[in-house]
Amino acid sequence: MEKLIALIPALPFAGFVLNGLGFGKLSKGIAGAIGAIASLAAFIVSVLVLFQFKAGDGQPVVVNLWKWMSSNSLSIDFSFHVDQLTLIMLMVVTGVGFLIHIFSMGYMHEDEGFGKFFAFLNLFLFSMLILVLGGNLLMTFIGWEGVGLCSFLLIGFWNKNEAFNAAAKKAFVMNRIGDLGFLIGIFLILYRFGTCQYAELTAALSAVQTLNDPYLVWAGICFFIGAMGKSAQLPLFTWLPDAMAGPTPVSALIHAATMVTSGIYLVIRMNALYATIPDVQEFILWIGMATALIGALIGTSQNDIKKVLAYSTVSQLGFMFVALGVGAYTAALFHVITHAFFKALLFLGAGSVIHGLHEEQDIRNMGGLKKLLPITYITFFIANLAIAGIPPFSGFFSKDEILAHTFASNKVAYVILAIIAGITAFYMFRLLFLVFFNEYRGKLKAEKIHESPASMAIPLIILAILSTIGGFIGLPEVFHFPHLLGDFLGPVLQPAVNFSNSHSLTHAISHSDEWLVMGISVVVSLVGIGLAYSLYISKNLVPASEEPTGFLHKLTSNKFYFDEIYDAVIVKPINLISGIFAILIDILFINLFVEGIGILTKGISTALKSTQTGRATGYAFLMFCSILAFAVFYLIKVF
Amino acid sequence: MLTITLLSLLGLILLFVGFLNNIGLSRTIAVLGLVAGLGSMLFLDQDILTFSGLETQLSFDSYAIKFSSLILFLSVFILFLSGKFIKKDYVQSAEFLAVLIFSLVGALMLTSFTHFITLFVGLEILGISLYILAGTDKKSPGSNEASLKYLLLGAFATGIILFGMALIYGATGSLDFQAIANLGQAKIDSSLFKFGLFFILIGLLFKVSAAPFHFWSPDVYEGSPNVVMLFMSVVVKIASFAAIYRVFGNYLNNYSFFWWDIVYYATLASLVIGNLLALVQKTVKRQLAFSSISQTGYLLFALLVIPNDQTVNGLVFYLFVYGCAVLVAFSVLTDWFGTDPNVKLDQLKGASKSDQMGSFALTIAYLSMAGIPLTGGFFAKLFMFTPAMESGLVQLLIVGILSSVVGATYYLRPIINVWFSSETPVLEKGNSYQWIAFMAGTLLLVAGVFPDTISNLIALI
């Protein structure tokens, strides 16, 4: 099994190397095939590992490849850690990754950077696999940085467009802020426990019995800051909507299904830590809540099909952090999985629409596509039902589990969250109605609008099936079916459960409450859908193209002015400071001092150069002088 | 003794094969013979073959085998690289190859002597062969000049060493190192002995081209044919370091009170002078010549710290990495410019456009010489610096690190020229030695990523 595990990240890496070296030489067909086969192979190997793991005793498998670095007391291996959590992430990353590779072969077909695109995509897959397979915090950090880099490269993939480059840069900088937090967290952990190997760390953390140990609180906050950056939480979320500048498959893979969920992965991975610091959990809960609310509100007034989905992703990630905040790690991971299905599907559907309409992204210029793009329409509809939380689609179960756990631990939070769920249903169906229903409002002739090729349609269908049935891996207790995901994940979450039990921090949910929560969430979703129906079908409203009026509308369509606030509070002052430093450091220090040293060095060198006359007699004389000097020194020293 | 005998026979055979006037055949025999020599060095007991009287004067202990194997390993590739040069019609290929092999006999003696006589004979065999090799490009005035200059200044140093030997013999009545290592207090206090030690040290510092006794080396390096310069900066460097460390790090370490300061100041001078002068050079070879002086400075660290196996292994690691880097540089240069002995740094401009692979290898080589992480050079320097730090040589370390910074600036120049220039270079489109560059470049990366593997291998020999 060890060899198989090491093979998983190696496969996409090989794909990256082949496509990277062969860029410009390989034909598009071959480049695409290499990328897709690499990801498919990684998926197959992951499945094999899953089966072998299930046949084993359920203990984590640690693969030590080699000693990476060591100093006196610290030794860090280049190792992989495979447990239930890793396996689930492997499935999601390689499975969804493969589907998106297939989709990209159709979507990017006309692009001149086709081979480069697949090289980057495979590199991303490699980094993401390192992130989830990493056997210690530093390995995870390598992957963490790698996915950040790939995200940067792929957002700015069409790098001839300045705005896209700016978006890529923004994503990179925001992520770097988070990364700093993550790194400090690693240092704190290393300092406290002397190890960052997950197996040892979990054991060490399980021994902690104090509640809210200040040291661990800081470590927990630092890791959460890392998660904020990568998973686009308030206040570091503004990069994600801008990241939609990248090709749509990238948005689906990186900015919906996989990379942005790595923050949730990190928190679940560190559940032994977070269980001991409920104060930080509370903090996570409210940050997640605020993000979910703001994302949902902004989503109601966006007119770019991908921007709506981007804010929806921000909002859904907020849901997951709420789950983490109330200690419902299983629910969070459950939502990661179902969200990967339906949000990837939504993005790919959006990609299919954009492709069919020849790069049109404004929903005001769409409408009536139901008949023209039937496959896209049906799959998009299914995804909508899933995200809105209509039973029995997958999103219902995962969202319901989050709501139920929130209900059990914090009633206020529950009420807000339920309202957000309603808003979600509203803005998603607003999108659906505006794109697919009523009459076509754009300028293209109907015969120019085409349904996507099979390579794009098949992934849509597969993801639609998954979005429909994906929820059955985690049925609520009242149905008396086993919670497959919860049972499988159990051993990973044992430290957190043990701690919560011993400190009586758990909240039980009664069956009647479960029914109540389920009922409310269905009703709320239906209200949201009904509202959207009455506005955009019955009244046939289309968002006006002129300036929005009304306070709330203005606020949401301008994204709560986050970008403007950041610009005024952070970007401008930093630019000013760097301007001052440019003068102080660059001109005064570098130019005068450093270049001065350079000039001095060169002067000495030139002077020394004159000793190299090229005349043997001169050399003999110089050497004689040297010997004499040393001899005098020797005489004084030794005699 | 086995390998030395083998190589001596190989040299003689090559002289006879020369009658056939078949350069390819001669070179094949030389390469095969060297590989056999390397094999016998690594896997056979050297004492199978001994000559009475010599067995007490040469000892192929693990120290000698480490250095000898390295010398033979790198020499194989140097022989390959000599191909282009010895095909020139006025170069006597058979003699060239034979002398090269003879010089290796001297080099091996320098790694294994236990007696002043064998040290001296080794020095002379190597030295005289080199005086000849330096002048093999007979039609080039530079080569002739280099040969003569080397002879004159080399004789100067030889005289000094011989003088030192005479003094020591006078003081102790013995030329055996083991005997000299364990002297009574009275003999140590004699001024004859002290001066003897001094002159031996100065002579050997000359041989390793440490500043301020380095004046000969840039001129000789520059004037010699490329492949001979490669040979001098790799094989001769290894042999002379094996010799100086064997004398002072091993046998005469008891007397470090006398010689330590001289080595210390020579180290400082080599670091500073080598790096500063490399900064203002315009040709590739001259830059490498001065860089070689600064590398001598780093290598001398080994003499200043407490001698143990780790220091020896660090020394071998350093020489291995440095040898590989120079090998890459010269094989790429030979591919690009043939045997042209005066390639200017500016001529490298834009070379990546016509040979990416070679440019890549060259980049790795220079990065390694500059000591950038992920190349072997980083760990080579680290293995030199760490014992120095443990011995508390802080000032020396500061100078060492500062001069690495200066070093980085001039090592980066060829890299910048190769990659970041819009000019189109005039290159010979040969890639017959690309495999050497590729192999040695790979070794540099391996040494940079898995340094432990290489050091374990060295420790194993």
Side-chain angles (χ1 to χ4, degrees), chain A residues 13 17 20-25 64-72 75-78 142 590 593-639, chain B residues 142 145 148-153 155-157 160 189 191 193-195 197-199 201-203 205-206 210-220 222-223 255 257-262 265-266 269 272-281 286 289-290 402 405-406 409-410 449-450 452-453:
Chain A
F13 189 73
V17 171
L21 290 178
F23 178 54
K25 297 186 190 101
N64 276 333
L65 290 179
W66 61 79
K67 185 170 290 290
W68 186 18
M69 50 176 98
S70 62
S71 77
N72 291 340
S75 161
I76 296 169
D77 293 326
F78 199 92
I142 300 181
I590 306 273
F593 184 69
V594 177
E595 280 187 15
I597 288 183
I599 292 165
L600 193 69
T601 320
K602 223 161 183 178
I604 298 172
S605 306
T606 317
L608 276 174
K609 203 177 167 185
S610 61
T611 58
Q612 247 14 88
T613 54
R615 287 168 54 177
T617 45
Y619 291 165
F621 177 69
L622 278 174
M623 280 202 274
F624 176 72
C625 294
S626 306
I627 296 171
L628 208 62
F630 272 108
V632 170
F633 168 75
Y634 190 71
L635 277 174
I636 296 167
K637 160 113 184 125
V638 173
F639 288 93
Chain B
E145 185 191 327
L148 191 63
K149 221 179 247 176
Y150 199 9
L151 171 67
L152 290 174
L153 295 166
F156 189 62
I160 290 171
D189 281 341
S191 37
F193 177 73
K194 288 175 191 164
F195 266 108
L197 212 58
F198 174 75
F199 284 120
L201 178 60
I202 298 289
L205 284 176
F206 172 92
F213 311 104
H214 64 281
F215 302 100
W216 60 276
S217 75
D219 287 19
V220 173
E222 194 189 16
Y255 312 123
F257 169 76
F258 298 124
W259 54 259
W260 195 89
D261 289 278
I262 294 180
Y265 289 111
V272 173
I273 292 177
N275 278 313
L276 282 183
L277 279 178
L279 205 56
V280 287
Q281 302 307 324
R286 219 170 154 76
F290 281 104
L402 282 182
V405 175
V406 176
T409 56
Y410 66 79
V449 182
F450 307 104
D452 286 351
T453 318

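So that the names make sense, note that chain A is the first sequence line, chain B the second, and so on, each numbered from 1. Note that the structure is a prediction, hence the values are computed from the model and not measured.
Only the side chain of Leu152(B) comes within contact range of chain A, with heavy atoms under 4.5 Å apart. Contact of Glu145(B) with chain A is made through the side chain alone, with heavy-atom distances under 4.5 Å. For Ile604(A), the part sitting under 4.5 Å from any heavy atom of chain B is the side chain, from C-beta outward, and nothing else. In this structure, chain A has no heavy atom under 4.5 Å from any part of Thr409(B). Heavy atoms of Phe206(B) lying under 4.5 Å from chain A belong exclusively to its side chain. For chain B, the nearby parts of Ala631(A) are the backbone and the side chain; heavy atoms of each come within less than 4.5 Å. The contact between Ile160(B) and chain A is made entirely by side chain atoms (from C-beta outward), counting heavy-atom distances below 4.5 Å. For chain A, the nearby parts of Phe258(B) are the backbone and the side chain; heavy atoms of each come within less than 4.5 Å.
Pairing each heavy atom of Ser605(A) with each of Val280(B), the nearest pair is CB-CG1, 3.6 Å. The shortest heavy-atom contact between Ala289(B) and Pro218(B) is CB-CA, 3.9 Å.
Val632(A) is listed as a side-chain neighbour of Ile636(A), based on a closest heavy-atom distance under 4.5 Å.
Each salt bridge (Lys or Arg N to Asp or Glu O under 4.0 Å) pair with one or both residues in residues 616-636 of chain A, not counting sequence neighbours, would appear here, but there are none. Applying the side chain to side chain donor-acceptor pair (under 3.5 Å) definition to pairs two or more places apart or across chains, those involving residues 615-634 of chain A are Gln612(A)-Tyr619(A), Tyr619(A)-Asp219(B).
Remark: Lys194(B) fails to qualify as a cation-pi partner of Tyr255(B) under the 6.0 Å distance and 45° angle criteria applied to the six-membered ring.
The aromatic ring centres of Tyr265(B) and Phe633(A) sit less than 6.0 Å apart.
Your options are Leu205(B), Leu153(B), Ile202(B), and the one with the most heavy-atom pairs under 4.5 Å with chain A is Leu153(B).
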